[in-house]
Amino acid sequence: MCGIWVLLGRLRSEHHAEFLKIVGRGPDLTVLDDPRPDAWLGFHRLAIVEPGDQPSEQPIYHAGAAVVCNGEIYNHLAIKEDSGVDEESVINGGSDCAAILHAFRKHKGDLAATCADLDGVFAFAMVDGDYLHLGRDPIGVRPLFYGFSEKGEFLAGSEVKSIERLCRSVNYFPPGCCATVPINNAHAFDIKQYYSLPTIADRRLPVLSAQAAVCQTLIQAVEKRLMADRRFGFMLSGGLDSSLIASIAMKFVKPGAPKPVAFSVGFADSPDLVNAAAVAQYLEIPHEILVITPEDCIKAIPEVVYALETFDPFIVRCGVAHYLLCKHIAASSDVKVLLSGEGADELFGSYAYMQRAPTAAHLHREMVRRLDLLHHYDVLRCDRATSCHGLEIRVPFLDKKFIDLVARLPAHYKLMRDTMEKFMLRSAFEGWLPDQVLWRSKEGFSEALGKSDLSEVIGEHVAQLISDDQFAERMARFPSKCPETKEEYWYRMIFERCYNYKKLATILHTKVYRTAAWQLPEEKENCKDSLLVVDPLPMRIRRRSTGSHSVSVTA
C-alpha cells in the first residue's frame, strides 16, 4: 500500500501538511517532486518488493514522463519485455509500477489501452509533457480522489483527507476509468471508461468445466499476489473465503521459507475464533488471535470514522474489528502484506438476501450492482483500515480475470435452490479444507465478534450519549442523509468534526445493502429494468450497453 498525491499549481506550505496526512500509507519513503513547472507528484512508499540492485522509488521517469502509483502490476515483467523500451533508460525502473510507462510507450500514448494492459490493482498519476494522465484499476481496489481549489488548482490524492481542506469539493475518480488533464487548462477534462463489468451471463459451461475454471483462475489470482519480499499473512475469519485464500497460498510457500501468519479477531466468546484456529491448525501455520472487548470497539470508533472517511453505520461497524486487528499486526509483527477474502460474496451472490432473489436474473443484476459499488463499502473499508497502519491488503477474489470468469457464469449456478450458497466455489475446491469449513454457512468477518452483538453494544452506548430530544431534532442538524438511528447520528457527529460534509456529499454512498433491485426498484443506483433483457432460454441475460462513461468537469 502506498499513497500518491498530485498538485497542478504552485506548491505552498499548506500543501505539505495535507500531503503528510496520508504518510501512514507509506512510512518507508516520502517524496514530493515537480517533473515540470507547476506539476507536483507526491509519493509515500511502503516497501514490499525490492527488485535486486535496481531502485524501487517513485516517481519513475522515462523520456520526460514521470509517474507515481499506488498499486501492484502483476504482469509487469511481460509488459516490460514487450514494450521495446530500454529498461536502463527508465529511472527507478525496477518497480513493478514502471510497467505503466512501458505500456504507455508500447501503446503510443493511448491511455485507455495502457490501463487495459495492466493486470493488477492501481491508481496512478503520470505527467508527460503538457498533460497529467490518471488511471484507476477496474474495480477500484486502490483509491483516488480529486478536486479543485478556490484558486483553480487541480489536486488529487489517495485519500479524501489529503485534499479535502484544499478543495472546494471532492470527487472520487471512478474505477475502470482514465483521464487526460491539460496541465495549463485543468478545468475541463474527460473521464473515459476502459473497463466495464461483464453483464452478460450467458456461458453455457457444464458444471464440471465451470468448477475447473473457477479453481484454476482463483489459484492463479492468489499466486500472483504473493509477489513480495516482506513476510505476508492472512486475515482469517474461519469462514470459507479467507480460509480458502490461505489454503491456496500455502501451496506456494517454499520449503524452509518463513511461514505466513494467520490473524483473527473477536470477542472472547466468539465461535469464529474457534473455527479460525481449526483452519490454522489444519494448514499448519502460526495463528495469532486478538481478543477485543466491547469497550475497545467503542473507544476506537472515532479513529475508525476518521480513517474510513464515512459515517455509514454498516461500514463503520464492520471496520472496527478490521482496524483494531491491523493496528495490532503493525505493532506486534513483521508482516506487511495481508491476503483477504473480500469480493467473493458479491461475485457469487451469497449474501442471505441475495439468495432470496426471486429469479437468477434478479440475482445477476444485483451482483453487478454490488460490484459496481464495491469501492464505496468493503473495498473502502479494507483499504483505509489497513493502510493507515502501514500495511497492504490484497484481495484475490477481485482479480480482473476471476471477475470476468465468474460474472459470466450462468446465473443459475449462483442461485441453486436447496444447495448452500457459493456451491460452485465450494465444490470447485473439494479437499482443500476440512468439510466443516468448506461447507460452513457464511458469517461475516467483522460481524461475528462473539455472542454479544456489536450493534447492540453500540446501541446501548449511544442511548446514553444522545438524548431523545437531540435525536428528535436530527433533521434540522443533518437535513442531507439524515441519520435514521442514534448510532448513525453519533457517527455523523464524529465525521463532521473531521471533514466538511458539504464538500464530500456527492461521494458519500450509504446503505448500499438495503437497496436490492427487486426491493426498491425506484432507487437511482439500481439497474433500470429497461437495461435488462431476459431471453426465453433459461437464465440467459444480456444488458444493453449504455455507452462509454464521459464526464465533463468544470472548476
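In this structure, T217 has no side-chain hydrogen bond (donor to acceptor under 3.5 Å, both in side chains) partners at least two apart in sequence or on a different chain. Every residue two or more places apart in sequence or in another chain was checked for a ring-ring contact (aromatic ring centres under 6.0 Å, His included) with Y194, and none qualifies. Residues meeting the salt bridge (charged side-chain N to carboxylate O under 4.0 Å, His left out) test with E288, sequence neighbours left out: none. The side-chain hydrogen bond (donor to acceptor under 3.5 Å, both in side chains) check on T386 picks up H322, with sequence neighbours excluded. In this view, F348 satisfies the ring-ring contact (aromatic ring centres under 6.0 Å, His included) rule with no residue, not counting sequence neighbours. Residues satisfying the side-chain hydrogen bond (donor to acceptor under 3.5 Å, both in side chains) test with H102, not counting sequence neighbours, are S83. Under the side chain to side chain contact (heavy atoms under 4.5 Å, CB included) criterion, S387 pairs with M1, R25, E159, D383, sequence neighbours left out. Residues satisfying the side chain to side chain contact (heavy atoms under 4.5 Å, CB included) test with D435, not counting sequence neighbours, are E430, W439. In this view, T30 and F19, L20, V23, H44 satisfy the side chain to side chain contact (heavy atoms under 4.5 Å, CB included) rule, not counting sequence neighbours. K259 is linked by a side chain to side chain contact (heavy atoms under 4.5 Å, CB included) to E284, P286, counting only residues two or more places apart in sequence or in another chain.
Ion pair D404/K401 not flagged as a salt bridge, since none of the NZ, NE, NH1 or NH2 atoms sits closer than 4.0 Å to an Asp/Glu carboxylate oxygen. Using a 4.0 Å cut-off between a side-chain N of Lys or Arg and a carboxylate O of Asp or Glu, R370 and D345 do not qualify as a salt bridge. Ion pairing of K336 with E392 is absent here, as no side-chain N (NZ or NE/NH1/NH2) approaches a carboxylate O to less than 4.0 Å. Ion pairing of E57 with R45 is absent here, as no side-chain N (NZ or NE/NH1/NH2) approaches a carboxylate O to less than 4.0 Å.
Under a 3.5 Å cut-off, the side chain of S270 and the backbone N or O of F267 do not form any donor-acceptor pair. The closest donor-acceptor contact from the side chain of N275 to the backbone of V437 lies at 3.5 Å or more, if one exists at all.
Ring orientation note: the planes of H133 and F104 are tilted relative to one another, at an angle of 30° to 60°.
Residue pairs meeting the side chain to side chain donor-acceptor pair (under 3.5 Å) criterion with at least one partner in residues 134-145, sequence neighbours excluded, are E72-R142.
Both the sub-6.0 Å distance and the 45° axial angle are satisfied by K251 relative to the ring of W432.
Remark: the Y351 side chain and the E421 side chain contain no N/O donor-acceptor pair separated by less than 3.5 Å.
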All N/O donor-acceptor pairs, side-chain side in residues 323-330, below 3.5 Å, sequence neighbours left out:
{"from": "Y323", "atom 1": "OH", "to": "E303", "atom 2": "OE1", "distance (Å)": "2.6"}
{"from": "H328", "atom 1": "NE2", "to": "S332", "atom 2": "OG", "distance (Å)": "3.4"}

